[in-house]
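Here the structure is a predicted model, which is why all the values come from computation and not from measurement. Side-chain atoms are counted along with the backbone in the values below, which use heavy atoms only and exclude waters and symmetry mates. Chain letters run A, B, ... following the sequence lines, proteins first, then strands; residues in each count from 1.
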There are 2 protein chains.
Amino acid sequence: MSETADHGARAYHHGDLRKALLEAARGIVEQEGLDAFTLRECARRAGVSHGAPAHHFTDRTGLLTALAVQALEERVAAAEARMAAAGPDPLDRLKACGLAHIEFNIRHPRLDDLCSHNGVTDHSDPAMQAVFQKMTAALVDAMSAATGQPMKPEKEANPETLLALVVVTGFAKVFNDGMILRDVPERERFGRALALASDLLDLLDSAFRGRGVSAD
Amino acid sequence: MSETADHGARAYHHGDLRKALLEAARGIVEQEGLDAFTLRECARRAGVSHGAPAHHFTDRTGLLTALAVQALEERVAAAEARMAAAGPDPLDRLKACGLAHIEFNIRHPRLDDLCSHNGVTDHSDPAMQAVFQKMTAALVDAMSAATGQPMKPEKEANPETLLALVVVTGFAKVFNDGMILRDVPERERFGRALALASDLLDLLDSAFRGRGVSAD
DNA sequence: AGTATGATCTAGACATCGACTAGATCGAGA
DNA sequence: TCTCGATCTAGTCGATGTCTAGATCATACT
């Protein structure tokens with residue numbers, strides 16, 4: 001048990017500083033926003049010195065990358081759970097998958113920022129690549145089942161698949177950037193957004209159902 | 001001519017430092033990325049001291065906000081030109097508008113970052129609000145013409161309009177984040193993306209044309 | 001014409017940041 | 001028990017954004 005990469009709960013001076021730092025980082029990012037995140041404030045919240053994080057994450061990028069991976073894993077898990085609960089119909093499952101991603105992204109807009117903002121995280125990180133691969137694989141599977149024909153990853157660029165990807169990605173961005181529902185009171189905003197997203201996916205469903213989903 | 005807000009070309013010590021700073025800032029953001037932008041480097045490129053920018057922009061946010069406004073004005077102007085050249089058919093004009101926004105956003109991904117990234121720019125800035133209002137007004141007009149029924153701004157939340165907004169916004173994000181066409185050589189990436197975007201809009205066009213665009 | 005005024009810019013200071021280094025502290029295996 | 005490595009602290013460095021005082025210069029006023 002001498003590996004540096006052992007992320008299990010170890011009890012040294014602090015207890016499990018890695019976990020504590022990740023929780024502190026998540027708190028900062030979700031409450032104050034990505035720009036407010038600093039390594040020193042993170043260490044402050046965890047009650048350690050400003051140099052301590054360097055022993056668990058190589059640098060600022062490393063810590064934020066780990067946080068992004070954690071968030072993406074939650075998102076993927078939520079999507080998988082929703083798909084499992086959606087029943088057997090492939091289009092229902094696809095819609096459940098899309099709605100799950102949208103819901104996570106509008107419920108945690110700052111984490112969505114973190115994951116999509118280029119430069120603050122390391123996309124070449126193995127854990128990052130792993131969760132990305134898992135996510136795209138799930139999407140490709142859902143799309144294959146919905147269209148009824150197997151779809152290879154490199155065939156990702158066909159318009160129908162792209163439309164699904166674009167709508168899910170775009171809706172969260174449009175909402176989180178305040179381009180829609182800006183004047184709706186905070187209490188109702190989330191629910192209204194979810195209902196709107198559902199309508200949007202239903203619209204696509206009705207537009208393409210029975211049309212032969214593969215147009216080209 | 002004693003107004004502080006006079007942004008015209010004045011020739012003091014530098015000549016027109018405001019313009020020079022904006023050009024330097026744009027160079028940094030477009031070449032090195034938003035994270036690489038610093039006021040001091042900006043001043044360095046303009047050949048002035050590090051404190052000089054404060055006299056033309058209140059602070060870092062102010063300078064970046066001005067740059068974002070400049071970019072958005074270019075984008076809106078490009079969209080208007082494309083619409084004017086698209087001919088009379090409302091759906092053609094709407095597609096031209098959407099493609100213009102997409103093209104600008106994938107041609108200047110860093111500027112797209114700047115404009116959409118929350119926190120670095122001041123959305124309450126008057127110039128920012130003005131260009132945003134102009135942009136949404138143009139979109140609402142285009143949608144009203146395409147659907148054949150007048151659409152009030154607060155009615156923005158109907159699924160069809162939302163779909164157009166979401167697709168345009170989402171496509172640029174999906175492409176700029178490298179979720180599609182990642183392995184395509186740089187030389188072909190831009191052209192392929194534009195073609196894909198055109199296909200996507202055509203797909204929506206064919207799905208909704210003659211269907212009674214207003215579903216609800 | 002000569003001066004006063006205000007806009008423009010420089011130079012220095014300060015707090016804070018990320019990263020690096022040396023040294024103290026502590027836990028686990030020999 | 002003792003050693004060794006992992007963990008953490010404290011100090012330092014260069015860089016950044018912002019603030020302030022002072023110098024410089026174009027324009028307006030008399």
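Between the C1' atom of D:dA10 and the CZ atom of A:Arg40 lies a distance of 11 Å, rounded to the nearest Å. To the nearest angstrom, P of C:dG18 lies 14 Å from CZ of A:Phe57. The separation between A:His55 atom NE2 and C:dA24 atom P is 15 Å, rounded to whole Å. Nucleotide D:dC19 holds its P atom 15 Å from the CZ atom of B:Arg60, rounded to whole Å. The NE2 atom of B:His50 sits 12 Å away from the P atom of D:dC19 (whole-angstrom rounding). If you take CG of A:Asp16 and C1' of C:dG27, they are 15 Å apart, rounded to a whole angstrom.
The existence of a salt bridge linking B:Lys173 and B:Asp112 is excluded, since no basic side-chain nitrogen approaches an acidic carboxylate oxygen closer than 4.0 Å. We find that B:Glu73 and B:Lys134 are not joined by a salt bridge, their nearest charged nitrogen and carboxylate oxygen being 4.0 Å or further apart. Between B:Glu41 and B:Arg44, at least one side-chain N (NZ, or NE/NH1/NH2) sits under 4.0 Å from a carboxylate O, which counts as a salt bridge.
Toward the 5' end of DNA chain D, the nearer of the two residues B:Arg44 and A:His56, judged by each one's closest nucleotide, is A:His56. Looking at which nucleotide of DNA chain C each of A:Glu41 and A:Gly51 is closest to, the 5′-most match is held by A:Glu41.
If you check the side chains of A:His108 and A:Glu30, you find a donor sitting under 3.5 Å from an acceptor.
Using a distance-only test at 3.5 Å, with no hydrogens or angles considered, a donor-acceptor pair links the side chain of B:Asp125 to the main chain of B:Ala127.
Sorted by first and then second residue, the ring-ring contact (aromatic ring centres under 6.0 Å, His included) pairs involving residues 165-197 of chain A (not counting sequence neighbours) form an empty list.
Out of C:dT10, C:dC9, D:dT9, the shortest distance to the side chain of B:Leu17 is found at C:dC9.
At a non-hydrogen distance threshold of 4.0 Å, A:Thr38, A:Leu39 from residues 21-39 of chain A come into contact with DNA chain C.
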